[in-house]
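One structure, as structure tokens, below. Some questions next.
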Amino acid sequence: MSLNETNNNKNFNFSFEIFPPKDDITGEKTENLYKEIDVLNKHNPTLFSVTFGAGGSNKDLSFGIVKHLINNNIEVMPHFTCICTSTSQINERLEELKKLNVKNILALRGDEPKDITVCYPDFRYANQLVKYIKQNTNFNISVACYPEGHIEAENLDKDIINFKHKVDEGAVQAFSQMFFDNSKFMFFLDKVYKTGINIPIIPGILPVTSYKQINKMLSLARVTFPKNLMEKLEKYQNDKYAMSQIGIEFATKQCLELLEKYGINNFHFYTLNKSFAVDEIIKNLK
Ligand code: FAD
């Protein structure tokens, strides 16, 4: 199936991000993840994307999940980081993905890992990786983008110029960082299209199900969070069920507004390896 093909009755496209579970000594967490994937896969997603630890620390786990998805005939997009990675490591990993018959790849810089012993200087920014993959392989290359600007960028305009470098080097699609204010996303899209970028940009939707988790995520990214939503989450932070209902309701409304007001029907969900909230949101949308 191609990346942009519509595959359900109401013309929605969904894709799901998952990550290799940490400290999974017995393999139980990965088995549980596979059960969550089965639930999500019933929604006929365009693809599952699988995160990759910058520096390659969890390469085998990440590629193991990629292999599981391929073996189950599920379309997959491995994330692929280049920071601190040598050209020969990049070549080996690309070769490994080629052998698995992977078609799509999300080319990323990643953040420099704190515990790394050797940091190779071969790739500094994601656009260099995009160029390298484009010149040496046939993968469909996607990239990341940041509706409110990447946290290191001086401002949104400069970040968009850097985003354009990735597109000029061969990216065919972009997945956005999470956002909670649709007007910020639309403002970004407007600016992006005015710079001449004309690839599909898939909005990243995070159903909030944990007060602690969202606060941690917000500290690592430049993302505006609605005050009234934060107040609600704070109030119900010890009530897991109420918290997830608040997150589900917010994300449902967010997707509906994107659809009804702006005609956007393609959503990339940050699942946090749980199917429950995403499953409910999609049922609400259908
Ligand atoms: P880049 O596009 O290289 O941008 C990084 C910063 O450098 C930006 O501020 C940009 O403006 C600036 N910049 C870019 N090019 C230049 C240049 N030529 N000169 C000067 N400045 C420049 N991280 C992981 O470790 N693993 C994952 O699996 C993962 N998945 C992600 C998925 C999505 C959809 C998103 C949005 C992010 C993901 N990340 C992941 C996080 C990402 O790796 C970090 O945000 C990282 O800091 C930037 O990666 P990038 O590919 O966007 O970098």
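Every number for a ligand or one of its atoms is a count from 1 in the order of the listing.
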Requested in this report: Specify the protein heavy atom at minimum distance from atom 13 (N) of ligand 1: its residue, its atom name, and the distance to 0.1 Å.
Outcome: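 Answer, as residue, atom name and distance: N162 ND2, 3.2 Å.
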Query raised in the report: Looking at atom 4 (O) of ligand 1, would you say a protein heavy atom lies below 4.0 Å from it?
Result: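 Protein heavy atom within 4.0 Å of atom 4 (O) of ligand 1: absent.
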Query raised in the report: Looking only at heavy atoms, what is the nearest atom pair of I160 and K191, with distance?
Result: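 That closest heavy-atom pairing would be CD1-CB, 3.7 Å.
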Report task. State plainly whether the residues D122 and R124 are in salt-bridge range, i.e. N to O under 4.0 Å. Result ->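 Between R124 and D122 there is no salt bridge, as every charged N stays at least 4.0 Å from the carboxylate O atoms.
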**Report entry** Identity and separation of the nearest protein heavy atom to atom 9 (O) of ligand 1
**Finding:**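 Going by distance alone, atom 9 (O) of ligand 1 is nearest to H150 ND1, 2.8 Å.
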Query raised in the report: Any side-chain donor-acceptor pair under 3.5 Å between Y132 and N91?
Result: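 N91 and Y132 do have a side-chain donor-acceptor pair below 3.5 Å.
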Query raised in the report: So which of F163, Y125, Y146 gets nearest to atom 49 (O) of ligand 1, if we judge by its closest heavy atom?
Result: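 It is Y146 that holds the nearest heavy atom.
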Query - atom 46 (C) of ligand 1: nearest protein contact (heavy atom, Å) - result: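 For atom 46 (C) of ligand 1, the nearest protein heavy atom is D111 OD1, 3.4 Å.
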Query raised in the report: Looking at F175, which atoms of ligand 1 are within less than 4.0 Å of one of its heavy atoms?
Result: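 Per the distance check, 34 (C).
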Query raised in the report: For T81 and G110, which heavy atoms make the closest approach, and how far apart are they?
Result: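 Looking at all heavy atoms of both residues, the closest pair is CG2-CA, 4.1 Å.
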Query raised in the report: Of the protein's non-hydrogen atoms, which lies at the shortest distance from atom 35 (C) of ligand 1, and what is that distance?
Result: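 Here the nearest protein heavy atom works out to A144 CB, 3.6 Å.
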Query - Ligand-side contact atoms (ligand 1) for residue partner L108, heavy atom cut-off under 4.0 Å - result: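 With L108 as reference, the close atoms of ligand 1 come out as 27 (C), 28 (O), 29 (C), 30 (N), 31 (C), 38 (C), 40 (C), 51 (O).
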Query - Test item, L106 contacting ligand 1 (heavy atom, 4.0 angstrom) - result: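 So L106 counts as touching ligand 1.
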Query raised in the report: Near K29 NZ, under 6.0 Å, is it more than 12 heavy atoms from other residues, nucleotides or ligands?
Result: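 Yes.
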Report task. Measure the distance from atom 10 (C) of ligand 1 to every protein heavy atom, then report the residue, atom name and distance (to 0.1 Å) of the closest one. Result ->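 Checked against all protein heavy atoms, atom 10 (C) of ligand 1 sits closest to D159 OD1, 3.3 Å.
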Query raised in the report: Among F14, F48, F175, which residue meets the ring pair (Phe, Tyr, Trp, His ring centres under 6.0 Å) test with H268?
Result: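 When ring pair (Phe, Tyr, Trp, His ring centres under 6.0 Å) is applied between H268 and each of F14, F48, F175, only F175 qualifies.
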Query raised in the report: Which atom names give the shortest non-hydrogen contact between A251 and P207, and what distance separates them?
Result: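 Minimum heavy-atom separation between A251 and P207: CB-CA, 4.3 Å.
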Query raised in the report: For atom CZ of F187, is the number of surrounding heavy atoms from other residues, nucleotides or ligands below 6.0 Å larger than 12?
Result: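 Counting neighbours around CZ of F187, 12 or fewer heavy atoms of other residues, nucleotides or ligands fall under 6.0 Å, so no.
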Report task. Would you mind checking which non-hydrogen protein atom is closest to atom 28 (O) of ligand 1, with the distance to 0.1 Å? Result ->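 Atom 28 (O) of ligand 1 sits closest to the protein heavy atom H79 ND1, 2.8 Å.
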Query raised in the report: Do any heavy atoms of Y270 fall under 4.0 Å from ligand 1?
Result: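 Y270 counts as a contact of ligand 1 under the 4.0 Å cut-off.
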